[in-house]
Amino acid sequence: MADFPSLSGSEIRDKFLKFYESRQHKILPSASLIPEDPTVMLTIAGMLPFKPIFLGQRQAPQPRATTSQKCVRTNDIENVGRTARHHTFFEMLGNFSFGDYFKEKAIAWAWELSTQVYQLPAERVVVSVFKEDDEAFAIWRDKIGIPEHRIQRMGEEDNFWKSGITGPCGPCSELYYDFNPELGDEKIDLEDDSRFIEFYNLVFMQYNRDADGNLTPLENKNIDTGLGLERMAQILQQVTNNYETDLIFPILKTAADLAGIDYPKADEKTKTSLKVIGDHVRAVVHLIADGVSASNVGRGYILRRLIRRVVRHGKSIGIYGRDAKFRVFTPIVAETAIALSESAYPNVREREEFIKNQLQTEESQFLKTLDRGEKLLAEIIANTANLSQKQISGVDAFTLYDTYGFPLELTQEIAEEQGLTVDVEGFEAEMEQQRIRARGSHETIDLTVQGSIDKLAEQIHPTEFSGYTNLQDTVQVKALLVEGKTVEIAEAGTPIQLILDSTPFYAESGGQIGDKGYLSGDNVLIRIEDVQKESGFFVHYGKIDRGTVNVGDVVNATIDRACRRRVQANHTATHLLQAALKQVVDDSVSQAGSLVSFDRLRFDFNSPRALTLEDLQQVEDLVNTWISEAHQADVEIMPLEEAKAKGATAMFGEKYADNVRVIDFPGVSMELCGGTHVSNTAEIGAFKIISEIGISSGVRRIEAVAGAAILDYLDVRDKVVKELSDKFKVKPEEIGDRVSNLQAELRSTQKELEAAKQELALAKSDSLLSQAETVGDYKILVANMGEMDAKSLQSAAEKLQQKLGEAAVVIASIPSEGKVSLVAAFSPKVIKEKQLQAGKFIGGIAKICGGGGGGRPNLAQAGGRDASKLAEALDTAKQKLIEGLT
Ligand code: ATP
Ligand code: MG
């Protein structure tokens with residue numbers, strides 16, 4: 001046992017931040033797991049929030065910073081529980097220099113922190129450098145005094161950091177802890193993770209790589225580092241893996257208790273399952289707290305996958321059915337994770353109810369899915385048993401795994417009991433495909449400077465927005481872009497993007513779409529169709545109707561007032577809608593997304609339950625009451641903390657600046673919002689809900705209209721009603737009854753038709769009885785019944801066989817063009833004494849018609865797609881029956 005004091009996880013975190021704070025680093029809060037950066041799905045490293053600074057797109061607010069950044073790395077998912085050191089969710093402690101200190105200080109401080117603050121014995125730390133980085137090697141050897149043989153030179157793969165083909169890059173240096181220094185310094189292999197663990201990585205961002213691969217030194221060199229909190233906890237708490245530290249073990253313990261397992265005595269497989277649960281539950285809790293909702297795409301899919309893995313591992317350690325007190329266990333285990341995160345991440349406790357509700361829903365839904373998976377497996381087995389090769393295909397096994405959460409081993413076990421095998425190679429191939437899909441391009445950070453707009457950021461100021469108060473303004477053209485490239489002048493007819501010094505046009509954001517309008521000058525008129533925000537600019541998308549425009553021109557910018565009035569009626573109505581939902585449904589209702597346009601609004605929200613018609617009516621009434629009460633808007637900019645203290649609703653998971661804009665209709669609704677609004681609710685006029693649906697588990701969507709848009713909506717509806725009442729020749733209020741009557745008529749006509757068809761089928765089949773031939777002790781009958789639906793065909797076959805006694809009947813029909821139906825009905829003696837089975841028999845015959853199928857030995861149905869082969873198929877059937885029955 002090494003000799004140094006044990007530290008708790010939060011002590012390790014505090015000491016790191018304090019150490020760098022006392023070296024002039026500003027402590028910044030952890031950014032959300034949902035990054036601002038669109039090129040990555042989740043925050044995967046401490047440097048990600050600083051990417052625009054490293055790229056030179058944004059000024060560093062201070063030269064040095066230090067953070068404890070929550071990260072999620074899904075590419076490590078398969079390692080969780082298997083290696084001692086990998087998590088999906090982990091915290092990366094980092095110190096950053098933006099063109100300030102560089103290699104020498106970074107190394108010296110990393111060393112001081114490791115050996116003085118954390119008190120790791122110097123002889124237990126081994127370091128690596130990039131093989132060509134003699135400078136770093138020399139610092140470690142000469143300034144720090146590490147013996148040469150404990151400084152390992154590593155290749156580009158491990159120790160050279162780059163984010164893309166071009167852009168900033170540089171060598172790294174890593175610090176490793178040695179669990180077994182007694183093994184000596186001769187055979188140091190840093191890849192051997194039973195002896196070494198990497199805990200700190202220092203990245204020296206010192207070059208820029210151009211498109212030809214040339215490296216040129218950066219003028220402002222940067223430092224980016226990462227120290228794994230969980231790994232340092234493992235080292236300092238002297239446990240054998242990250243999961244047994246105070247950061248995670250209580251979660252494992254909760255799960256173990258629920259399953260009645262004594263962790264230290266458990267076998268390795270059980271321990272791995274508990275570790276997976278411990279790891280994933282942390283990730284899940286933080287992801288939901290940061291605003292991710294389970295779904296089938298993107299981040300939502302990552303979350304869903306993690307929850308499902310937790311459920312599966314829970315199932316495999318026997319958590320279910322042990323205690324009648326719980327049907328789902330994830331909310332119980334989540335409680336422990338929430339408690340552990342409380343001090344460092346208070347947002348998690350704030351979202352407690354929401355997190356638990358979401359887990360509750362996801363877990364119960366997945367348990368049902370698992371149930372269905374078991375049934376599907378039974379079907380697959382039944383079908384496979386009919387095939388000559390008794391093997392479940394890789395694709396089937398993978399579907400079971402991926403969609404139904406069936407581990408391969410489980411499929412194999414059940415298959416084996418039925419005398420079947422599983423195509424493991426095929427399964428692995430599918431799995432690999434999925435891994436490639438999942439990795440995609442999302443796990444690397446792209447620091448490549450691209451596009452002209454980014455470059456403009458170095459030359460001109462971000463656009464000022466004057467449109468809260470001005471609907472018209474005199475502005476100057478700062479830049480013109482045609483097809484993405486900057487130009488000095490553009491002429492009539494050209495689609496164009498304009499950047500102005502300031503603008504009254506609202507750019508799409510916060511769900512509200514951009515303004516439309518005109519730019520006009522002495523000899524130019526430009527129609528603006530849309531405005532988008534990019535790199536701090538409002539980019540006006542337009543078309544030059546006449547004249548020419550030059551960079552530097554001063555023009556008149558006028559927005560379309562009617563459109564603006566419509567959009568702000570819809571936007572304020574969205575706020576009122578949210579407030580009404582909180583009152584009518586539940587206070588926990590929160591926005592999950594929204595779209596505010598000229599003709600309607602769409603509001604997605606997290607809701608503990610589905611809404612009834614009554615709820616919707618109440619919500620609509622409440623909003624209309626507020627509209628008629630004519631509440632005055634009170635718009636104010638204030639510090640975020642103050643807004644929160646006043647109880648303003650914030651969009652969850654959204655990042656806000658230090659100062660926020662608060663839209664307050666006192667006593668009704670108070671929200672943080674950058675959008676444009678009516679100054680009095682009376683301006684909205686009226687509000688109407690059009691639809692309400694569930695869009696994913698726990699998330700619902702309301703579409704509605706407000707303001708002038710209601711007239712458009714009514715117009716369209718009115719036309720539909722008029723047309724229907726014309727067609728049905730009834731008054732509008734009688735349409736409902738008329739349709740019900742027609743439906744009832746249709747149903748009874750359909751029934752009559754069915755009955756007639758069956759009768760016809762029986763009549764047809766009776767006439768066939770005389771065609772039956774005798775083969776030995778049996779009658780056989782093979783015939784084509786022409787156009788007959790599959791159901792009638794089956795009952796005809798059964799009847800014919802019963803009437804013929806010991807017999808084999810094979811009949812076919814062509815229910816619709818290009819389709820073939822085949823049915824075989826065999827009597828008991830045919831099956832027993834002649835070993836002919838209807839299922840197998842008809843499957844073979846259907847193949848001739850390009851199809852397949854099967855069923856029971858006495859009665860089976862099959863189909864095909866090639867009707868031209870039917871005669872041949874029936875001939876073969878007859879031949880085979882004669883052979884089989886003589
Ligand atoms: P490894 O080779 O062990 O996967 P890495 O090279 O991917 O580590 P970096 O990207 O350099 O790690 O991240 C910096 C630090 O963050 C690492 O030194 C480690 O302490 C920590 N870290 C990285 N990935 C994980 C993970 N999946 N779980 C826990 N800690 C991690
Ligand atoms: Mg890694």
Side-chain angles (χ1 to χ4, degrees), residues 9 12-13 16 30 33 40 42-51 66-96 106-107 110 113-114 118 120 125-130 152 154-163 169-179 189-205 223-237 239 241-245 247-248 275-276 278-283 286 302 306 439 442-445 447:
I12 296 171
R13 191 192 294 118
F16 185 97
S30 174
L33 283 171
V40 274
L42 293 166
T43 300
I44 54 173
M47 66 81 69
L48 191 65
F50 303 115
K51 181 173 147 180
T66 180
T67 58
S68 171
Q69 176 62 49
K70 48 190 163 177
C71 300
V72 168
R73 285 191 182 178
T74 46
N75 56 339
D76 282 334
I77 203 167
E78 302 294 339
N79 283 329
V80 169
R82 297 190 199 283
T83 73
R85 67 179 201 280
H86 284 103
H87 298 297
T88 52
F89 175 90
F90 64 98
E91 286 177 66
M92 200 188 279
L93 298 163
N95 51 291
F96 305 93
I107 290 178
L113 175 80
S114 306
Y118 296 140
L120 299 180
V125 181
V126 177
V127 302
S128 72
V129 297
F130 176 53
Q152 299 281 308
M154 303 242 257
E156 192 148 333
E157 176 93 342
D158 292 302
N159 277 24
F160 196 86
W161 181 90
K162 57 181 187 297
S163 67
C169 55
C172 316
S173 178
E174 302 158 326
L175 286 82
Y176 288 75
Y177 178 77
D178 185 353
F179 290 107
D189 171 12
L190 294 177
E191 301 276 297
D192 172 8
D193 69 355
S194 67
R195 177 170 171 190
F196 297 103
I197 183 168
E198 174 199 330
F199 63 88
Y200 204 176
N201 186 7
L202 318 176
V203 180
F204 311 125
M205 232 180 266
I223 291 290
D224 148 35
T225 77
L227 178 143
L229 173 64
E230 294 75 9
R231 294 191 185 176
M232 189 48 85
Q234 180 200 147
I235 297 167
L236 293 180
Q237 294 170 18
V239 287
N241 59 70
N242 286 1
Y243 306 92
E244 292 173 23
T245 63
L247 292 165
I248 308 177
K275 288 171 184 172
V276 171
D279 173 86
H280 288 10
V281 165
R282 283 204 324 160
H286 282 276
I302 293 176
L306 289 168
R439 252 184 245 137
H442 286 297
E443 292 288 1
T444 53
I445 302 172
L447 282 193

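The first residue in the sequence is number 1, and the count goes up from there. Read the numbers this way: they start at 1 and go in the same order the structure lists the ligands and their atoms.
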(message) One thing to verify: whether R231 and E91 come together as a salt bridge, which I'm taking to mean a side-chain N less than 4.0 angstrom from a carboxylate O.
(response) no
(message) As an exercise, identify every atom of ligand 1 less than 4.0 angstrom from a heavy atom of Y200.
(response) 18 (O)
(request) Below 4.0 angstrom from a heavy atom of F199, which ligand 1 atoms are there? Numbered from 1 as shown, please. (result) 18 (O), 20 (O)
(message) Heavy atoms only: which of Q234, E198, M92 lies closest to atom 12 (O) of ligand 1?
(response) E198
(message) Quick check for you: to the nearest 0.5 Å, what is the distance between S68 atom OG and L93 atom CG?
(response) 4.5 Å
(message) Checking contacts here: is it the side chain or the backbone of R231 that comes within 4.0 Å of ligand 1, counting heavy atoms only? Could be both or neither.
(response) side chain
(message) Taking 4.0 Å as the limit for heavy-atom contacts, which would you say applies to H86 with ligand 1: side chain only, backbone only, both, or neither?
(response) both
(message) For D158, give me all partners under side chain to side chain contact (heavy atoms under 4.5 Å, CB included), at least two apart in sequence or on another chain.
(response) M154, E191
(message) Between D193 and T83 (side chain of the first, backbone of the second, donor and acceptor by atom type, cut-off under 3.5 Å), is there such a pair?
(response) no
(message) Testing L202, V129, V127 one by one against I107 for a side-chain contact (heavy atoms from CB on, under 4.5 Å), which residue passes?
(response) L202
(message) Rounded at 0.5 Å granularity, tell me how far CG in L247 sits from CG in N242.
(response) 9.0 Å
(request) Could you say whether the N/O atoms of E174 and ligand 1 ever approach to under 3.5 Å? (result) no
(request) Would you mind listing which atoms of ligand 1 come within a distance below 4.0 Å of any non-hydrogen atom of N201? (result) 11 (O)
(request) Using a 4.0 Å heavy-atom threshold (strictly under), name the region of E230 that reaches ligand 1: side chain, backbone, both or neither. (result) neither
(message) Can you list everything that forms a ring-ring contact (aromatic ring centres under 6.0 Å, His included) with F160? Sequence neighbours excluded, please.
(response) F130
(request) Report yes or no: does R73 have a heavy atom closer than 4.0 Å to ligand 1? (result) yes
(message) Looking only at distances, can you tell me whether any N or O atom of F90, backbone or side chain, sits closer than 3.5 Å to an N or O atom of ligand 1?
(response) no
